[in-house]
Amino acid sequence: MTAPAIAAFQFATATQIVFGSGSLARIAQWIPAPGGATFVVTGSSPARSERLLALLHDAGVTTVTFGVSAEPTVDRIREAVATAREARCEQVIAFGGGSAIDAGKAVAA
């Protein structure tokens, strides 16, 4: 028995969360023209972000990845911000569950 398809949706607040079948394949529409690097925050399984990274690289986007394996601490966020600044990242993509999304929002702020 297969699970029913989940309807695609978008949830926009101070950031934008995109979810649903086929969303990853449309990543290029949310990425501005290539320029500075993109900071990609991943969850506890960074290997799950390989397709995302490949799509970004195919679109000419330079990426810097940063993994979080649990709810991010203030020190971990400071480390992430320092990494993003050093790489001159112009945008943040959080890929994964709640911890990655929370960390991505904090870095973007």
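Predicted model only: the values in this text are computed from it and were never measured.
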Between [X] and [Y], is any pair of side-chain heavy atoms under 4.5 Å apart?
X: T83; Y: F39; answer: yes
X: V40; Y: L56; answer: yes
X: T65; Y: L53; answer: yes
X: L24; Y: F95; answer: yes
X: T38; Y: V64; answer: no

Any chance CD of E86 has more than 12 other-residue heavy atoms, nucleotides or ligands included, within less than 6.0 Å?
no

Are I93 and L55 co-members of a hydrophobic cluster defined by side-chain heavy atoms under 4.5 Å apart?
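Hydrophobic grouping puts L55 with I93.
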
Same cluster or not: are V92 and V61 linked, directly or through other Ile, Leu, Val, Met, Phe, Trp or Tyr residues, by side-chain heavy atoms under 4.5 angstrom apart?
no

How far apart are the closest heavy atoms of [X] and [Y], and which atoms are they?
X: V107; Y: A84; value: CG1-CB, 4.3 Å
X: A25; Y: R51; value: CB-NH2, 4.0 Å
X: A94; Y: A100; value: CB-O, 3.3 Å
X: G20; Y: S23; value: O-OG, 2.9 Å
X: P72; Y: I77; value: CB-CD1, 3.6 Å

With side chain to side chain contact (heavy atoms under 4.5 Å, CB included) as the test, would you mind laying out the steps for R48 and T42 before giving the verdict?
CA-CA 8 Å; R48 290 193 291 179; T42 65; over 6 Å; no

Euclidean distance, R76 CZ relative to S69 OG, rounded to 0.5 Å
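One finds 7.0 Å between OG of S69 and CZ of R76.
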
For the atom pair OG1 (T62) and CZ (R88), what is the distance rounded to the nearest 0.5 Å?
14.0 Å

